[in-house]
Amino acid sequence: MYTFDREKYEKRMEWFIKARFGMFIHWGLYAIPARGEWVRSTEEISKEDYMKYFEEFDPRGCDPAVWAKAAREAGMQYVVMTAKHHDGFCLFDSQYTDFKSTNTPCGRDFVAEFVEAVRKEGLKVGLYFSLLDWYHEDYPHYGDRNHPMRNNPAYTNENRDFDRYLTYMHNQIREICTNYGKLDLLWFDFSYDDLRGEAWRGTELIQMVRELQPDVIIDNRLEVSGEGYGSLATGNPSPYHGDFVTPEQMIPPEGIKDVNGNDMYWEACVTMNGNWGYHATDRYFKPASMLIKKLVECVSKGGNMILNIGPDIHGNIPEQSVRALKEIGAWMAANSRSIYGCTRAGIAKPENGRVTRNGKHIYFHLYENSIGPVPLMGIAKEDVKAIRYLATGAEAPVSTSWTHSDYPDILFVDLGPDPVLPDPADTVLEVILK
Ligand code: GLC
């Protein structure tokens with residue numbers, strides 16, 4: 001009988017809820033067709049036709065250290081890379097398959113290189129592992145909801161032994177939990193239809209993972225997918241409950257609470273364009289200023305944001321992502337205290353921005369200026385010790401203007417004559433309480 005240990009749980013989650021901001025990396029064979037990581041499924045490509053990318057895989061100059069450095073410079077505190085995605089191709093030297101990067105012309109174990117590079121940058125390291133595997137013969141083909149051969153009756157599921165597949169999957173998870181040092185985060189993906197929980201032999205799997213990596217935190221997708229919270233939200237957690245909820249390509253309107261109304265830990269996973277894996281023609285990249293505001297939104301609702309990069313087959317981060325990461329990094333260099341270790345402020349969202357909080361430090365994120373002095377709703381004047389521009393430490397004086405004399409109970413700050421705020425994306429005021 002599984003007993004949820006709240007104290008142990010809160011302890012292992014500490015770094016994650018302080019970190020608030022991570023990098024996701026989706027990279028693998030699918031970067032060659034360059035039409036996203038689901039290309040084998042969406043285009044119903046046969047294994048034979050997909051194998052040409054395997055023969056060709058020789059990522060010249062790919063250097064995971066470049067990714068790790070970009071993450072640190074952007075202010076990200078952890079990095080999660082796909083060790084194996086749904087296509088079944090392993091970026092690690094698995095003894096259970098030949099479909100791995102160490103068997104390609106480059107002969108490299110990219111997971112080994114990745115974990116070393118991320119640790120060298122002083123960041124937490126995570127691995128994404130797909131529960132689906134479109135390469136393995138024992139995984140359901142015909143009639144499965146996602147398999148590339150789902151519509152081809154020639155790929156019936158006779159003689160496919162799913163339990164044999166699960167043993168393969170568990171063995172590979174044992175490999176990544178054994179051969180690559182201390183892992184901080186495991187990102188399983190994803191459950192669907194009847195394939196969830198015990199259908200993955202979840203209890204056995206998590207027992208093994210926790211024995212090998214006792215401090216690792218695990219997402220909720222052994223039970224659900226980007227939709228659904230998982231059993232931790234029900235107050236009756238299963239042995240394979242996730243440690244955090246994983247809203248995908250959206251930010252929960254009010255954060256996430258369990259059945260008892262307690263805040264849950266969650267991480268919104270977000271792409272910079274519309275694809276996780278490299279996509280040569282998807283140029284619809286979100287502006288950096290928007291991504292900064294989405295990170296603030298996640299934290300203001302008690303959550304994390306993990307932001308994805310999809311390098312090309314040579315390991316190059318798309319130029320649009322490089323530029324956005326640099327702009328986000330500049331903002332974080334000046335304002336990360338309003339992100340790291342912060343959460344909901346317990347104050348209503350202001351009209352012109354958002355609020356985050358870390359104890360006695362309340363951060364007002366101003367996205368546009370007010371007409372006249374700026375009201376800081378929800379703060380009692382007598383509680384205030386100081387108000388500063390977070391980026392510069394300069395004092396933001398309390399306003400004594402006649403223009404708001406009708407509202408004596410509301411705290412207004414005087415940001416001076418310039419109607420344009422110092423930071424066009426997000427100017428942060430730090431209110432320090434007594
Ligand atoms: C979804 C996508 C998968 C991606 C994951 C990242 O599960 O299907 O391709 O890796 O989201 O969150």
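As the structure lists them, so they are numbered: ligands from 1, and atoms in each ligand from 1.
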Is there a donor in the side chain of D87 and an acceptor in the side chain of Y50, or the other way round, less than 3.5 Å apart?
yes
How about I309 and V322: do any of their side-chain heavy atoms sit closer than 4.5 Å?
no
So if I only count non-hydrogen atoms and take anything under 4.0 Å from ligand 1, which residues does that give, chain by chain?
F24, H26, E37, W38, H85, H86, Y128, W187, D189, F190, R221, E248, C269, W276
For K52, all residues meeting salt bridge (charged side-chain N to carboxylate O under 4.0 Å, His left out), sequence neighbours excluded
none
Rounded to the nearest 0.5 Å, how far does CH2 of W331 lie from OG of S338?
4.0 Å
Can you list the residues that meet the side-chain hydrogen bond (donor to acceptor under 3.5 Å, both in side chains) rule with R196, with sequence neighbours excluded?
none
How would you list, by chain and number, every residue that makes a ring pair (Phe, Tyr, Trp, His ring centres under 6.0 Å) with H279, sequence neighbours excluded?
none
